[in-house]
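For ligands, and for the atoms within them, numbers begin at 1 and follow the listed sequence.
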Amino acid sequence: MTDATRDCLIAPSILSADFARLGEEVDNVLAAGADIVHFDVMDNHYVPNLTIGPLVCEALRKHGVTAPIDAHLMVKPVDRLIGDFIDAGATYITFHPEASDHIDRSLSLIRDGGCKSGLVFNPATPLSFLDYVMDKVDMVLLMSVNPGFGGQAFLPGTLDKLREARRRIDASDRDIRLEIDGGVKVDNIAEIARAGADTFVAGSAVFSAARDSDPHRYDSVIRAFREQLATAR
Ligand code: DX5
Ligand code: ZN
């Protein structure tokens, strides 16, 4: 697949949304043109922060959200929560290989539950975890910050890792998305796309955009992302 034909998807991370008005925030960001809802699950064990779980995912579905929900599990152990997120209506479920004792089994659990599966790579986690499971992943997610918090700076070494992940995905000839998570901003998204990413998580860059009574307040940042992505083709 060439850069020109790969479709780019924007996945705002609701970690930076206003949790007191979460349904409305998700509605607004989707109305502004976002493609995927990135849902960060932290357990204060695998990562030093505590966020939201399957009840909130289910609540968003009940609220009427039909867009794909991308559940990024930063939890250990993972398998029981995989089942809970399948039941809660997640579309993608991704987890960190270090957090599962049986990676192949965890990936299979996700697909057997009708969801799309993915592995997440911390900055220092080698891509070799993909070696024997390329046929079991629908998404490869590269962390461009250490997981746990929004608002951190993009680690530039991730660009070379993205190129290597893109090479592996293209060589596999499989339909696998390459997602990047952490420090994605309007001024670096084009470079990240040129390195091979096709799915872009952005938390603080989206939700710190002016919050006021205008329901279209996220339009300008999503539009700016798309304009930048167009230059990367
Ligand atoms: C970090 C999370 C990210 C985070 C990204 O552990 O996985 O999804 O919300 O936030 P920004 O875009 O602010 O770096
Ligand atoms: Zn994330």
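Here R194 contributes atom CZ and I189 contributes atom CD1; the two are 11.5 Å apart, rounded to the nearest 0.5 Å. Separation of atoms CZ (F200) and CG (L229) is listed at 5.0 Å; rounding is to 0.5 Å. The distance from the CG atom of D138 to the CD1 atom of I110 is 9.0 Å, given to the nearest 0.5 Å.
Atom 9 (O) of ligand 1 has S13 OG, 2.9 Å as its closest protein atom, hydrogens excluded (heavy atom only). Remark: minimum distance from atom 13 (O) of ligand 1 to any protein heavy atom is reached at S204 OG, 2.5 Å. At the shortest separation from atom 1 (C) of ligand 1 among protein heavy atoms lies F149 O, 3.6 Å. Regarding atom 10 (O) of ligand 1, its nearest protein heavy-atom neighbour is G150 CA, 3.6 Å. For atom 3 (C) of ligand 1, the nearest protein heavy atom (residue, atom name, distance) is D181 OD1, 2.9 Å. Nearest protein heavy-atom contact of atom 12 (O) of ligand 1 is G203 N, 2.7 Å.
Close N/O approach between G151 and ligand 1 is found [any backbone or side-chain N/O within under 3.5 Å]. Ligand 1 has no N or O atom lying under 3.5 Å from any N or O atom of K185, backbone or side chain. For the pair S16 and ligand 1, the shortest N or O to N or O distance does not fall below 3.5 Å. Inclusion of G148 in the set of residues having an N or O under 3.5 Å from an N or O of ligand 1 is warranted. Between G183 and ligand 1, at least one N/O pair is under 3.5 Å apart.
Near G182, with a cut-off below 4.0 Å to any heavy atom, the atoms of ligand 1 are 14 (O). Near H72, with a cut-off below 4.0 Å to any heavy atom, the atoms of ligand 1 are 7 (O). Of all atoms in ligand 1, listed by their number and element, those nearer than 4.0 Å to a heavy atom of M42 are 6 (O). Close approach to V201 involves these atoms of ligand 1, each under 4.0 Å from a residue heavy atom: 8 (O). Against a heavy-atom cut-off of under 4.0 Å, P147 is close to the following atoms of ligand 1: 6 (O). Atoms of ligand 1 found under 4.0 Å from any heavy atom of M74 (numbered from 1 in listed order, with element): 6 (O), 7 (O). Within the listing of ligand 1, atoms 8 (O) sit less than 4.0 angstrom from a heavy atom of H38.
With hydrogens and angles ignored, the 3.5 Å screen pairs a side-chain donor or acceptor of D198 with a backbone N or O of L178. Side-chain atoms of S100 never come within 3.5 Å of backbone atoms of P97 as a donor-acceptor pair (strictly under, hydrogens ignored).
Less than 6.0 angstrom separates the ring centroid of Y46 from the ring centroid of H96.
The N, O or S atom of H72 with the smallest distance to the Zn ion (ligand 2) is ND1. Among heteroatoms of the N, O or S kind in D40, OD1 lies nearest the Zn ion (ligand 2). Residue D181 approaches the Zn ion (ligand 2) most closely through its N/O/S atom OD2.
Side-chain atoms of E25 and Y218 include a donor-acceptor pair closer than 3.5 Å. A side-chain donor from one of S13 and D40 sits under 3.5 Å from a side-chain acceptor of the other. Side-chain contact annotation: H102 with D79, donor-acceptor N/O pair under 3.5 Å absent.
Contact check on D135 versus R174 returns no salt bridge, with no Lys/Arg side-chain nitrogen under 4.0 Å from an Asp/Glu carboxylate oxygen. The pair R226-D35 meets the salt-bridge criterion, with a side-chain N (NZ, NE, NH1 or NH2) lying under 4.0 Å from an Asp/Glu carboxylate O.
N44 places none of its side-chain heavy atoms less than 4.5 Å from the side chain of N49.
Note on ligand 1: A202 sits in its first shell, one or more heavy atoms being nearer than 4.0 Å.
Between I36 and T199, the shortest heavy-atom contact is CD1-CG2, 4.1 Å.
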